[in-house]
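Quick notes on the structure that follows.
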Protein chains: 2
Amino acid sequence: MINKYLMIHNEIATKIEAGDYTTNSLLPSEHELKEQYGTSRETIRKALNLLAQNGYIQKIRGKGSVVIKNSKLDFPVSGLVSFHELAEKMKEKPRTIVQKFSLEKPNEYIRQQLNVKAKDAVWHVNRIREINGERIILDKDYLNKSIVPHLTKEICEHSIFHYLENELNLVISFAKKEIVVEEPTDEDKELLDLEGFHSIVIIKNYVYLEDASLFQYTESRHRPDKFRFVDFARRNQT
Amino acid sequence: MINKYLMIHNEIATKIEAGDYTTNSLLPSEHELKEQYGTSRETIRKALNLLAQNGYIQKIRGKGSVVIKNSKLDFPVSGLVSFHELAEKMKEKPRTIVQKFSLEKPNEYIRQQLNVKAKDAVWHVNRIREINGERIILDKDYLNKSIVPHLTKEICEHSIFHYLENELNLVISFAKKEIVVEEPTDEDKELLDLEGFHSIVIIKNYVYLEDASLFQYTESRHRPDKFRFVDFARRNQT
DNA sequence: GAGTGGTCTAGACCACACA
DNA sequence: GTGTGGTCTAGACCACTCC
């Protein structure tokens, strides 16, 4: 924990989740918090704005900051969610099977998605996600080899994301996500336990680095009954 | 335009869209911009952070702010999108049919969603959205009558949203959105042209006012082939 | 070492809600 | 009027990139 405002944010968030600040009540005023934490008001404001962005509070001019997080249904804020985080929340036993692991020349579709040339090599990884013995999700990852020169099957079994951030020190900065629903392909039918479902929810994820270069394209193909996406949209965000 | 930082944000955004600042080039430094606009650095930083949030630039510590908006594919930032905005983008002829318009005692499901009591009255509006002669979307709206005392069929045919914001002066502050996929109900089959599709994409929308009170619940039920959701997620937002 | 963005401060004035 | 959050300032120090 390095930043003061992050520390304050986390402390208040924890209190809200613990119920120390109850839903619909008001937080102490910015002036009071400033005294409590022995800091400046702008720093408190940074912390509170983060809390607002994350759906914990709602700031109302002239009144105060209302606690809105209802801890029972935990608003998972939309964003980059890895399979591991997801599985942890579901309290179910996840298992990952690396079905495909190869270095390929990209076909036209992937060239378009990843914005690479035909001669560039691309890692292609298929991972099947099993929850409680059912094959629910098929993740198809494509990574630009010029940015990720080395990759192993073992890394894919654990977490590609973790490897990129902690071993390669790549800083993932933002992602564009697109959700569509399609008919299952033959591959879907073969690799997943579709149980008579006639559609597949596809989350297309375009991941960018800090220097705004596109380096990973992922298709996460979900069985529709186990799919749920939550988005928390705020108007007029400062 | 009231705020200095909003003015600066809009000015720079316009320049980026006009190509005055080209993609992948650097913006002037915060120090330079501070001089240019005759303001303080924190104000410049607010404007730049907004630009970053809106996908115009990417700030890199030690280097500067890179312009990343590629004007060709306009990153539609996720948020509250009304049917009218959507239809406008699609350049197709939309038509709205108000299939149901009534004031009801809420059933248990709606009571739960809208967080109201059994005795409270709730507006229930069903609207069918037709695009190019095909019935694609079924919007089921439920509005708390204690917040929206008056409503007419004519308003629903036009835009409920517009009425609430401009006539009632309600300020919509944030919304929680949930996306799931289910089997079509009999009502879906009757009211939509499903054409053999075996699933329905449901967007559940919980709309809150400025004082954090929940006043509208909407289920937007889409035929899967015409559904597309885009989300633009940023990590480590300050 | 020079230049960049990130954090933090102590103060000011304003717009708004509420009594 | 009092208290709240929203904006803005002028300055400071730090972490990072690049040469």
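Every chain is numbered from 1, with letters handed out A, B, ... down the list of sequences. Nothing here was measured: the structure is a model prediction, and the numbers come from that model.
A straight line from NZ of A:Lys34 to C1' of D:dG5 spans 13 Å, rounded to a whole angstrom. In this structure, the CG atom of A:Asn3 is 12 Å from the P atom of C:dT9, given to the nearest Å. B:Lys63 places its NZ atom 12 Å from the P atom of C:dG5, with the value rounded to the nearest Å. Rounded to an integer number of Å, the gap from CD of B:Glu35 to P of C:dT4 is 12 Å. Computed from coordinates, the B:Leu48 CG to C:dT4 C1' distance equals 12 Å when rounded to whole Å. We find that CD1 of B:Ile8 is positioned 13 Å from P of D:dT7, with the value rounded to whole Å. For the pair B:Asn49 CG and D:dG6 C1', the interatomic distance rounds to 16 Å; values are reported in whole Å. Rounded to whole Å, the distance from NZ on B:Lys59 to C1' on C:dG3 is 15 Å.
Between A:Thr43 and C:dT9, a side-chain N or O to OP1/OP2 separation shorter than 4.0 Å is present. Taking 4.0 angstrom as the limit, B:Ser65 places none of its side-chain polar atoms (N or O) nearer than this to OP1 or OP2 of C:dT4. Between C:dT9 and A:Thr39, a contact under 4.0 Å exists linking OP1 or OP2 to a side-chain N or O. OP1 or OP2 of D:dT7 has at least one side-chain nitrogen or oxygen of B:Tyr5 nearer than 4.0 Å. The side chain of B:Lys46 places an N or O atom within less than 4.0 Å of a non-bridging phosphate oxygen (OP1 or OP2) of D:dT7. Contact annotation: B:Ser29 side-chain N/O to C:dT4 OP1/OP2 distance is under 4.0 Å.
B:Glu219 pairs in a side chain to side chain contact (heavy atoms under 4.5 Å, CB included) with only one of the listed residues (B:Asn205, B:Asp141, B:Ile202, B:Asp139), which is B:Ile202.
Judged by distance alone, the side chains of A:Tyr142 and A:Tyr109 never bring a donor and an acceptor atom under 3.5 Å apart. Judged purely by distance below 3.5 Å, without hydrogens or angles, the side chains of B:Glu42 and B:Ser40 never pair a donor atom with an acceptor atom. Side-chain contact, A:Glu17 with A:Tyr56: a donor N or O sits under 3.5 Å from an acceptor N or O. A side-chain donor-acceptor contact under 3.5 Å links A:His9 and A:Asn54.
Between A:Gly62 and A:Arg45, the residue anchored nearer the 5' end of DNA chain D, judged by the nucleotide with its closest heavy atom, is A:Gly62. Residues A:Lys4 and A:Arg61 each lie close to DNA chain C; by heavy-atom proximity, the contact nearer the 5' end of the strand is made by A:Lys4.
DNA chain C contains the following stems of three or more consecutive Watson-Crick or G-U pairs, with both distances under 3.5 Å: C:1-18 with D:1-18.
For B:Lys46 and B:Tyr5, the positive end sits near the middle of the six-membered ring, less than 6.0 Å away and at most 45° from its axis.
Side-chain proximity of B:Glu42 to C:dG5, D:dA10, D:dC8: nearest is D:dA10. Residue A:Glu30 places its side chain closer to D:dG6 than to any other of C:dT4, D:dG6, D:dC16.
Judged by atom type and distance alone, A:Arg41 reaches the base of D:dG6 through a side-chain donor-acceptor pair under 3.5 Å.
Judged as a salt bridge (charged side-chain N to carboxylate O under 4.0 Å, His left out), the pairs with a partner in residues 22-41 of chain B (not counting sequence neighbours) are, in order, B:Glu30-B:Arg41, B:Glu30-B:Arg45, B:Glu30-B:Lys59.
Within 6.0 Å of NZ on A:Lys153 lie no more than 12 heavy atoms contributed by other residues, nucleotides or ligands.
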